[in-house]
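Excluded from the calculations below are hydrogen atoms, water molecules and symmetry mates; all remaining heavy atoms, backbone and side chain alike, are included. Lettering of chains follows the sequences in order, A, B, ..., and the numbering in each one begins at 1.
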2 protein chains.
Amino acid sequence: MDSKIYRQRREIAEEVSLPDQIEEISKEFINNLGRVADFFGFNRLMGQLYAVLFLSPEPLTLDDMVKKLESSKGNVSINIRALERWGLVRQIYKWADRKNYYEAEPDVWKAVSGILQERERKESQQIISSLNQSVERLEQASKTASGQEAVTAQFYMERMEVLRRLFKFGDSLLDMMVQGGAVDFGSASRLARSTDEYKEGISDLDELALQQLESDQESHGARN
Amino acid sequence: MDSKIYRQRREIAEEVSLPDQIEEISKEFINNLGRVADFFGFNRLMGQLYAVLFLSPEPLTLDDMVKKLESSKGNVSINIRALERWGLVRQIYKWADRKNYYEAEPDVWKAVSGILQERERKESQQIISSLNQSVERLEQASKTASGQEAVTAQFYMERMEVLRRLFKFGDSLLDMMVQGGAVDFGSASRLARSTDEYKEGISDLDELALQQLESDQESHGARN
DNA sequence: TAGAACGTTTAGAATTTTTTGAACGATGTG
DNA sequence: CACATCGTTCAAAAAATTCTAAACGTTCTA
């Protein structure tokens, strides 16, 4: 610890050696991806592992990574396999070598859209499906209901419908990202406005954009 | 606890009363938004609070929410103020009433784009700025460097450049969502491909799309 | 066959996040 | 003024997450 502080100070005073400088940049990158991973609901180590592999010209072994990140073997083992399941990292087998080597998926777009498809979309579809059911049930309820209850059911229904639209739009957006396609956010913004405005707010053009999105949605088998 | 199980069972057997049914739907909605909040890096309670307010025709007091969510006053107080800071909830003052009343921002699109602007964009811009610096420093380094080091610096640079492009695209996308605008994901996918492909992968059309995004980006004052 | 090298698993330690509950200050009321 | 109401704060508890280190099973080597 002390030696590190001392070293840093010396570096500033004297001039940093090139390898050290490069090492420092690499560290910063690794930490950045750690934060990103955290931000996206993974954990720091997963991001750091991906970063280490992403910056390595050759595949690395478990122990390489343990050393680099000063973590434990168990921890790295668990997290590297999580990365594998997400398709962010792949295993490399070497001839006559019992060790496992890993390398990062270099196509980061592929990596990201895989996650969008497997995680974000699943989440959004769950919500949408739940909202669909709720709205449907409320619709039923509001028919048999008397006075006060009918009003409540109606109100809930409208509010949930607004959210449902938002999530559907989000889901379509994700789909576009994964499949390729184009999105106009101009119309999107009106999709999820408050109920009152919304009722008269869906103009011809918006209607079109909306329908396009919804049909696309359905064609991928999501519950409507 | 036991009474709850019993009640559920009775509901299935006998038929559920309308108010109970509506109550149940509302609970599900509240829990769903709790999960969503979690997913987006807030916490469960924040989502639940927003949901409770979103489903309430009139503004609610702290104690209303405490009762509804069976949480503590302190906890609700802290989280409701967080929601306020995010612009997701606003305070209502009533004449001759010392209590604070709260209501949810009903325009969910506004709510979401506020978050995108204030949180996701800040995050992405930090990363981009850090990557910019790193790439720049590596560029410098690779000039003075000798053999092996130059190769390493070059490699790091290329890899980081790929990520930098991805984040810039993400940031532009966020900007589009917030400002309104259109995005073509067809070109986006090639922005972040692996270095080799990337070099010859940017065709005329992609180049165009890219430039459009980048100029837009700069015009909003982000560090380039 | 003994032992080394390697990756996985897991109990529990450490850390971080969330929640509680009590104390407190501020404001109003009789 | 004594007392009640209301919201905030904060230390400590509880819960959730992440991490470690040791035990273990496999596979290979001498």
Worksheet item: Do Leu163(A) and Phe29(B) have side chains that get closer than 4.5 Å, going by heavy atoms?
Response: yes
Discussion item. Could you tell me if the side chain of Gln48(B) sits less than 4.5 Å from the side chain of Asn31(B), heavy atoms only?
Written reply: yes
Item to complete: To the nearest Å, give me how far apart NZ (Lys94(B)) and C1' (dT27(C)) are.
Response: 19 Å
Fill in: Sidechain N-carboxylate O distance under 4.0 Å for Glu123(A), Arg119(A)
no
Item to complete: May I ask you to check whether over 12 heavy atoms, not counting those of Phe39(A), lie within 6.0 Å of atom CZ?
Response: yes
Practice prompt. Nearest-nucleotide wise, let me know which of Gly74(A) and Arg98(A) is further upstream toward the 5' end of DNA chain D.
Written response: Gly74(A)
Worksheet item: Axis-to-axis angle across the helix from dT1(C)-dA30(D) to dG30(C)-dC1(D), five pairs an end, to 10 degrees?
Response: 20°
Discussion item. Using a strict threshold of under 4.0 Å (side-chain N to carboxylate O), is an ion pair present between Asp171(A) and Arg121(A)?
Written reply: yes
Worksheet item: Quick one: is dG7(C) close enough that its OP1 or OP2 comes under 4.0 Å of any side-chain N or O from Lys73(A)?
Response: no
Worksheet item: Taking the inter-plane angle between the rings of Phe42(A) and Trp86(A) on a 0 to 90° scale, is it parallel (under 30°), tilted (30 to 60°) or perpendicular (over 60°)?
Response: perpendicular
Fill in: Euclidean distance, Leu131(B) CG relative to Lys168(B) NZ, rounded to 0.5 Å
11.0 Å
Pull out every protein N or O sitting under 3.5 Å from an N or O of nucleotides 16-19 of chain C, one pair per line with the distance.
{"unit_1": "dT19(C)", "atom_1": "OP2", "unit_2": "Asn75(B)", "atom_2": "ND2", "d": "3.4"}
{"unit_1": "dT19(C)", "atom_1": "O5'", "unit_2": "Asn75(B)", "atom_2": "ND2", "d": "3.1"}

Discussion item. Between Arg81(B) and dT9(D), is there a contact of a side-chain N or O with OP1 or OP2 at under 4.0 Å?
Written reply: yes
Practice prompt. State plainly whether the residues Glu23(A) and Lys68(A) are in salt-bridge range, i.e. N to O under 4.0 Å.
Written response: yes
